[in-house]
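Worksheet for the structure shown next.
Here is how names work: the chains are called A, B, and so on, in the same order as the sequence lines, proteins then strands, and each is numbered from 1. Here the structure is a predicted model, which means the values were calculated and not measured.
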Amino acid sequence: MDDKNYVKELTKMDDNFADWYTDIILKAELVDYAPVKGFMVIRPYGYELWENIQKVLDSKFKETGHKNAYFPLLIPESLLNKEKEHIAGFAPEVAWVTHGGDNELTERLCIRPTSETMICTMYAKWIKSHRDLPLLINQWANVVRWEKTTRPFLRTAEFLWQEGHTLHSTAKEALEETLKMHKIYADFCEEYLAIPVIKGKKSEKEKFAGAEATYTIEALMHDGKALQSGTSHYFGNHFAKAFDIKFQNKEGKEEYAYQTSWGMSTRIIGGIIMTHGDDRGLKLPPNIAPIQVVIVPFAQHKDNVLNEVEKIKNLLSKKFRVEADVREEYSPGYKLNNWELKGVPVRIEIGPKDIENESCIVFRRDTFEKQTVKLEDLEEIISKLLIDIQSNMLQMAKDNTIKHTYTAKTLEEYTNIFKEKQGYVKIMWCGCTECEDKIKELTSSTIRCIPFEEEHISDVCAICGKPAKHMVYTARQY
RNA sequence: CGGGGUGUAGCGCAAUUGGUAGCGUACGUGGUUUGGGACCAUGGGGUUGCAGGUUCAAGUCCUGUCACUCCGACCA
């Protein structure tokens, strides 16, 4: 019995989290490795998840007045070089195109690691007057960053994302936009992905190359490591000056535009997996799950069973994303395990005995509870159940975050925490980069963000003892 | 780029002192099954990462090389 099943067994998530992670994303058929190292193939089930994320975010962007557009994949080297901090930040990890057919190009082209430079170049042509502002554009695209070590979703050489790029006539308005999008990301994570996040600002050391300020949402994974899940940058007129994006204001004077950019990537899928998954596999929040309800029939060869399955499917399909698993070549037991592995939030089991009683069994993935439900009540029960699962998953993730949040007042306390634990550690910080470098060297943890909501732990920096400026969240990170 | 590890069937592994490659699973076919990863029968699948060397004989020993992977540094 044991040796029959061992290939199917999942790695236990507590034993080795990294193995567990790669194990389930492959077995749940979200991704596969590509022939080119560092790249991943997103399989249909994984891509449906991404499509659902896209759908929700896209509608939120449109509600706030943004429009989608598309810009080229390749960026001439000269454009990339226009903003020096930006190029310094990205140069080590860009991929270059040097040939067109057999001919060597006179100027090599980089595959976009992000589109600021390309988009700024176009914006400079499009903006003449304050009447052209604000310009609110988003792009859904792929980008390439030649990373040394990769892991599917979390850090791949190519990833899918959206990048919003906006121009404004005042600094105030641009900053408001930056914070507005930051809030959209945070709300999206909590409401749809059931991932609680810490909202805050990045330190000078951690901010985006070329930005004046970077705002971030940080999520804590099941193993106590943090994941930067979405960023929103305020550029001031840094890029505008480098790319000559000017407009005439109401007084007729020429002025540089103020700019923002913000992005969320397929990395967030890694976040969903590592926030909610368990020893049985994925656990997807109902609001984003490709399949919300799966119907597994027992003894399906008996005629009336399949009829009943069909009826239930038709009924529920009006309101939910439903799939009926009527594959004959797999046993019911296999299907139960397989759909748990794939993280479907609700499962309906139905067989001859249930049909006789005009009922079925409803199973919830988050708590493993089973209940017998009369068929006439099914739609209503499922409706409530999905809402309940969604909020329960958020609550469980919040509890886990709280459980893994510590505070330290001294450097000794701080390093001791990281010797045996993983999680957020709240400390006071003087604001200098030397102290950031020091904790990274000692514990390989970094300042994740300066939260919007700071607490007062003490008056002095936990690292150097000088007067503290901020309370910060630190953690080891993905 | 530094330190460790591994390369044998799609995947996971085995092969004693050097003796000519096997097991599980997955896959094909036929049948029986179906309330928690079904069973029986049967079949296909391999230049043992690559190159060279020692030997009557190399998966096994030697030399070189390549690839992958884990831990560090760099990063959404």
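- Atom name C1', nucleotides B/rA14 and B/rG59: the rounded distance is 11 Å, in whole Å.
- No side-chain donor-acceptor contact under 3.5 Å links A/T98 and A/R108.
- When all heavy atoms of A/P297 and A/V305 are compared, the pair lying nearest together is CB-CG1, 3.8 Å.
- Under the stacking definition used here (centres under 5.5 Å, planes under 30°), the residue A/F159 qualifies as stacked on the base of B/rA76.
- The ring of A/Y215 has its center no closer than 6.0 angstrom to the ring center of A/F208.
- At the heavy-atom level, A/P332 lies under 4.0 Å from base atoms of the strands shown.
- Within the 4.0 angstrom heavy-atom criterion, no nucleotide atom of any strand lies near A/T216.
- Residue A/Y334 places its side chain closer to B/rG37 than to any other of B/rA76, B/rG37, B/rG36.
- Annotation: A/K335, atom NZ; neighbour count of heavy atoms from other residues, nucleotides and ligands within 6.0 Å is above 12.
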Watson-Crick and G-U pairing of RNA chain B written in dot-bracket, each distance under 3.5 angstrom, with | for inter-strand partners
(((((((..((((.....[..)))).((((((.....)))))).....(((((..]....))))))))))))....

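- Checking B/rG37, B/rG36, B/rG35 against the side-chain heavy atoms of A/F363 singles out B/rG36 as nearest.
- A donor-acceptor pair shorter than 3.5 Å cannot be found between the side chains of A/N138 and A/W262.
- Atom CG in A/D354 sits roughly 13 Å away from atom P in B/rG35 (whole-Å rounding).
- Residue A/E147 is in base contact, counting any heavy-atom pair closer than 4.0 Å across all strands shown.
- Defined by atom type and a distance below 3.5 Å, a donor-acceptor pair is missing between the side-chain atoms of A/R280 and A/N337.
- Across all strands shown, A/P352 has heavy atoms under 4.0 Å from base atoms, whether or not it also approaches the sugar-phosphate.
- What separates CE of A/M40 from P of B/rA76 is a distance of 16 Å, to the nearest Å.
- When the options A/H233, A/H86, A/H165 are evaluated for a ring pair (Phe, Tyr, Trp, His ring centres under 6.0 Å) with A/F239, the one that passes is A/H86.
- Taking the P atoms as reference points, B/rA9 lies 10 Å from B/rU48, given to the whole Å.
- Spacing between atom CZ of A/R112 and atom C1' of B/rA76 amounts to 15 Å, rounded to whole angstrom units.
- Distance NE2 (A/H301) to C1' (B/rA38): 13 Å, rounded to an integer number of Å.
- Annotation: B/rA51 and B/rA38 have their P atoms spaced 43 Å apart (nearest Å).
- Side-chain atoms of A/M264 and A/L57, non-hydrogen and from C-beta on, do get closer than 4.5 Å to each other.
- Rounded to whole Å, the separation between the P atoms of B/rC50 and B/rA58 comes to 15 Å.
- Considering only heavy atoms from C-beta on, A/K199 stays 4.5 Å or farther from A/Y185 through its side chain.
- At whole-Å resolution of the value, CD in A/E349 and P in B/rG35 are 11 Å apart.
- Rounded to whole Å, the distance from CD on A/Q228 to C1' on B/rA76 is 6 Å.
- Separating the C1' atom of B/rA21 from that of B/rC13 is a span of 13 Å, rounded to the nearest Å.
- Of the candidate nucleotides B/rA76, B/rG36, B/rU34, B/rG36 has the atom nearest to the side chain of A/N337.
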Reading nucleotides 66-73 of chain B 5' to 3', which nucleotides get B (base under 4.0 Å from a protein heavy atom), which S (sugar-phosphate only), which -?
--SS---B

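- Distance check on atom P: B/rU33 versus B/rG22 gives 36 Å, rounded to whole Å.
- In this structure, the aromatic ring of A/F298 is positioned over the six-membered ring of the base of B/rG35, centres within 5.5 Å and planes within 30°.
- Residues A/T216 and A/E218 bring a donor and an acceptor atom of their side chains to less than 3.5 Å of each other.
- Across all strands shown, A/G351 has heavy atoms under 4.0 Å from base atoms, whether or not it also approaches the sugar-phosphate.
- Donor-acceptor pairing under 3.5 Å, judged by distance alone, is present between the side chain of A/E340 and the base of B/rG36.
- Heavy atoms of other residues, nucleotides or ligands lying less than 6.0 angstrom from NZ of A/K438 number 12 at most.
- Not a single donor-acceptor contact under 3.5 angstrom links the side-chain atoms of A/K370 to the base of B/rG35.
- Counting non-hydrogen atoms under 4.0 angstrom, A/R327 reaches nothing in the nucleic acid.
- Atom-to-atom, NZ of A/K27 to C1' of B/rG37 comes out at 12 Å; the value is rounded to the nearest Å.
- Remark: the A/E158 side chain and the A/N142 side chain contain an N/O donor-acceptor pair separated by less than 3.5 Å.
- Spacing of P atoms, B/rG31 relative to B/rU47, comes out at 33 Å, to the nearest Å.
- The residue among A/R347 and A/E158 whose nearest nucleotide of RNA chain B is located toward the 5' end is A/R347.
- Among the protein residues, A/L227 comes within range of no part of the nucleic acid, since none of its heavy atoms lies under 4.0 Å from any strand.
- Taking atom CD of residue A/E29 and atom C1' of nucleotide B/rA26, one finds them 13 Å apart after rounding to whole Å.
- Residue side chain A/R280 does not reach the base of B/rG37 through any donor-acceptor N/O pair under 3.5 Å, judged by distance alone.
- With both ends at atom C1', the span from B/rU17 to B/rA73 equals 46 Å, rounded to whole Å.
- Within 4.0 Å of A/I361, counting heavy atoms only, lies at least one base atom of the nucleic acid.
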